[in-house]
Amino acid sequence: MTTPYVIGIGNAVMDVIAPTSDATLARLGVEKGIMQLVDRARSEFLMAAQSADPQAGKARLVPGGSVANTLAGLGMLGLRTAFIGKVAGDPLGLSYAEQTEAQGTVFVNPPVAGDVAPTSRSIIFVTPDGERSMNTYLGISGELGPDDVNPATFSGADWLFLEGYLFDKDAGKAAFLKAADACHAAGGQAGIALSDPFCVDRHRADFRRLVAGPMDYVIGNVHEWQSLYQVEDLEEALRLASADCGTVICTRSGEDAILIRGAERVTAPVHRVVPVDATGAGDQFAAGLIYGLAIGADLAAAGRMGCIAAAEVIGHVGARPESDLRAAFRAEELA
């Protein structure tokens, strides 16, 4: 069997991670344990403060972004992957592209040279208790548009995975539609992660058209599905979703995931674990799920693969797998 080929489109965000103290957080005015969006000036101030912190040492540069994390997981599972994202030709952007390629994912578009917005970054302060305080500047990544999507990239593509966060701008919407058309022309399937209920709130009508139109599969959590269809009852939201889209997946924060494909409905059991770091749980659920679907596993097995991958990543610090997921799948006779 030909190795499945998965293309993702999402925010290319470099995680800039360094240890610090609670006193430094207070001095910098950083709210502990949350993710907040910051502007360019604030991001540059925090980067400089992080570099000057005598307790921090040298910051680690780790490529991040939701879909990029999913692709990394899929690559570790043995699939061919390519990422359509946007970085500047600055040190962070060059490192992002180089590290992505080194980890086995093709970074499709070269870093953009010239007078452009800087590469997106999340400046992460880690205190001794393990709390991560994230300050994210979206930078050039949010400018991705249809000109960044080359239909030739999709030759031989089996799967496309989109990041709902990028749906915030008209250019991102146009890029998604162009990519979905190219994927379908190549004979592949296109899907999206809804990403955030507030994003869904802002663009509900457009998301509804996307789900009912070119999307073959959609992943969302309870709050995102309820927001999309403006109903409190999850079953009603999933009924409406199933009428719109061929494959509907609902994750439920520690409860069994629900997967619906046409007339088929299954649940994937979640084995509860105490999270060390919940970052990346949804990203790796998507990786396990897409891997299962791509290799032809049945719907229940693909959902269980997603749950196993999510459990692995929350068991350690970092948003990408550190152990052999295929061995874990084989242990449960899933693959």
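In terms of modelled atom types and a separation under 3.5 Å, the side chain of Ser227 and the main chain of His223 share no donor-acceptor contact. Put simply, the side chain of Ser120 gets close to the backbone of Ser141: a donor and an acceptor are under 3.5 Å apart. At least one donor-acceptor pair closer than 3.5 Å links the side chain of Glu163 to the backbone N or O of Val67. Put simply, the side chain of Gln103 never gets that close to the backbone of Ala72: no donor and acceptor are under 3.5 Å apart. Side-chain atoms of Arg252 never come within 3.5 Å of backbone atoms of Cys250 as a donor-acceptor pair (strictly under, hydrogens ignored). In terms of modelled atom types and a separation under 3.5 Å, the side chain of Thr70 and the main chain of Asp283 share a donor-acceptor contact. The backbone N or O of Gly164 sits less than 3.5 Å from a side-chain atom of Ser195, completing a donor-acceptor pair. No donor-acceptor pair under 3.5 Å is formed between the side chain of Gln50 and the backbone N or O of Ile123. Between the side chain of Asn109 and the backbone N or O of Asp148 there is at least one donor-acceptor pair closer than 3.5 Å. Although no hydrogens or angles enter the test, the distance criterion places no donor-acceptor pair under 3.5 Å between the side chain of Ser95 and the main chain of Gly93.
The nearest pair of heavy atoms linking Tyr96 to Ala12 is OH-CA, 3.5 Å. Here the closest non-hydrogen pair linking Asp196 and Glu224 is N-OE2, 3.2 Å.
With contacts defined as side-chain heavy-atom distances shorter than 4.5 Å, the pair Val211/Tyr229 qualifies. At a threshold of 4.5 Å between non-hydrogen side-chain atoms, the residues Arg304 and Glu332 count as touching. A 4.5 Å side-chain heavy-atom check between Ile9 and Leu160 finds at least one atom pair inside the cut-off. With a 4.5 Å cut-off on side-chain heavy atoms, Ile260 and Leu238 count as touching. In this structure, the side chains of Tyr291 and Leu79 come closer than 4.5 Å at one or more pairs of heavy atoms. The shortest side-chain heavy-atom distance between Arg121 and Thr136 does not fall under the 4.5 Å cut-off. The shortest distance between side-chain heavy atoms of Pro214 and Leu177 falls below 4.5 Å. Counting heavy atoms from C-beta outward, Ile258 and Val266 have side chains that stay 4.5 Å or more apart.
Atom CD of Glu98 is surrounded by 12 or fewer heavy atoms from other residues, nucleotides or ligands within 6.0 Å. The neighbour count for Glu235 CD, taken as heavy atoms of other residues, nucleotides or ligands under 6.0 Å away, is above 12. Remark: Arg204 CZ is packed, more than 12 non-hydrogen atoms of other residues, nucleotides or ligands lying under 6.0 Å away.
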Check the pair Gln284 / Arg320 against side-chain hydrogen bond (donor to acceptor under 3.5 Å, both in side chains), numbers first and verdict last.
CA-CA 7 Å; Gln284 297 313 321; Arg320 299 183 176 188; over 6 Å; no

Please test Asn221 against Thr251 for side-chain hydrogen bond (donor to acceptor under 3.5 Å, both in side chains), starting from the C-alpha separation and ending with a verdict.
CA-CA 5 Å; Asn221 64 27; Thr251 58; 5.3 Å; no

Would you please test Leu334 and Arg326 for side-chain contact (heavy atoms from CB on, under 4.5 Å) and show each step?
CA-CA 9 Å; Leu334 297 170; Arg326 281 185 291 182; over 6 Å; no

side-chain hydrogen bond (donor to acceptor under 3.5 Å, both in side chains) between His184 and Asp216, intermediate numbers included:
CA-CA 10 Å; His184 287 145; Asp216 301 294; 2.7 Å; yes

Should Leu25 and Thr127 be marked as a side-chain contact (heavy atoms from CB on, under 4.5 Å) after you check the CA-CA gap, both sets of side-chain angles, and the distance that decides it?
CA-CA 9 Å; Leu25 289 187; Thr127 43; 3.6 Å; yes

I would like to know whether Asn11 and Leu166 meet side-chain contact (heavy atoms from CB on, under 4.5 Å); could you show each step before the answer?
CA-CA 7 Å; Asn11 283 302; Leu166 265 180; 3.6 Å; yes

Please assess Ile192 against Tyr217 for the test side-chain contact (heavy atoms from CB on, under 4.5 Å), listing each intermediate value before the final yes or no.
CA-CA 7 Å; Ile192 190 170; Tyr217 66 99; over 6 Å; no

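With sequence neighbours excluded, the residues satisfying salt bridge (charged side-chain N to carboxylate O under 4.0 Å, His left out) with Glu264 are Arg261. Qualifying salt bridge (charged side-chain N to carboxylate O under 4.0 Å, His left out) partners for Glu232, counting only residues two or more places apart in sequence or in other chains: none. For Phe154, the ring pair (Phe, Tyr, Trp, His ring centres under 6.0 Å) criterion is met by no residue, not counting sequence neighbours. Scored by the ring pair (Phe, Tyr, Trp, His ring centres under 6.0 Å) test, Trp225 finds no partners at all (sequence neighbours excluded). Remark: Phe167 engages Phe176, Phe207 in a ring pair (Phe, Tyr, Trp, His ring centres under 6.0 Å) (not counting sequence neighbours). Not counting sequence neighbours, Lys178 has no partner by the salt bridge (charged side-chain N to carboxylate O under 4.0 Å, His left out) test. Every salt bridge (charged side-chain N to carboxylate O under 4.0 Å, His left out) that Arg40 has, sequence neighbours left out, goes to Glu44.
Seen from the ring of Tyr5, Arg80 counts as a face-on cation partner, given the 6.0 Å and 45° thresholds.
Through side-chain heavy atoms spaced under 4.5 Å, either directly or across other Ile, Leu, Val, Met, Phe, Trp or Tyr residues, Met134 is tied to Ile17, Met35, Leu37, Val62, Ile124, Val126, Leu138. Through direct or indirect side-chain contacts shorter than 4.5 Å among Ile, Leu, Val, Met, Phe, Trp and Tyr, Tyr165 is connected to no other residue. Val112 belongs to a hydrophobic cluster whose remaining members, ordered by chain and number, are Val116, Ile140; membership requires side-chain heavy atoms of ILVMFWY residues under 4.5 Å apart, directly or through intermediates. The hydrophobic cluster analysis finds Phe198 isolated: no Ile, Leu, Val, Met, Phe, Trp or Tyr side chain comes under 4.5 Å of it, directly or through other members.
With rounding to the nearest 0.5 Å, the separation of OG1 in Thr119 from OH in Tyr137 is 9.5 Å. Residue Ser66 holds its OG atom at 11.0 Å from CG of Leu162, rounded to the nearest 0.5 Å. Rounded to the nearest 0.5 angstrom, Thr153 OG1 and Asn150 CG are separated by 4.5 Å.
With respect to Arg42 and Asp39, no salt bridge is recorded, no charged nitrogen being found less than 4.0 Å from a carboxylate O. Between Lys86 and Glu143 there is no salt bridge, since no side-chain nitrogen of the basic residue lies less than 4.0 Å from a carboxylate oxygen of the acidic one.
Each of Ile290 and Leu210 belongs to its own hydrophobic cluster when Ile, Leu, Val, Met, Phe, Trp and Tyr are linked at side-chain heavy-atom distances under 4.5 angstrom. In the hydrophobic clustering of this structure, Val248 does not group with Leu289; members are Ile, Leu, Val, Met, Phe, Trp, Tyr whose side-chain heavy atoms approach within less than 4.5 Å, directly or through other members. Residue Val149 is grouped with residue Ile7 when hydrophobic side chains (ILVMFWY) are merged at heavy-atom distances under 4.5 angstrom, including chains of intermediate members. Put simply, Leu28 and Val38 are part of two different groups of oily side chains (I, L, V, M, F, W, Y) that touch within less than 4.5 Å, one to the next. Linking Ile, Leu, Val, Met, Phe, Trp and Tyr whenever their side-chain heavy atoms come within less than 4.5 Å puts Ile219 and Leu299 in one cluster.
Among residues at least two apart or in separate chains, side-chain hydrogen bond (donor to acceptor under 3.5 Å, both in side chains) pairs with a member in residues 26-38 are Asp22-Lys32, Lys32-Asp129, Gln36-Asn135.
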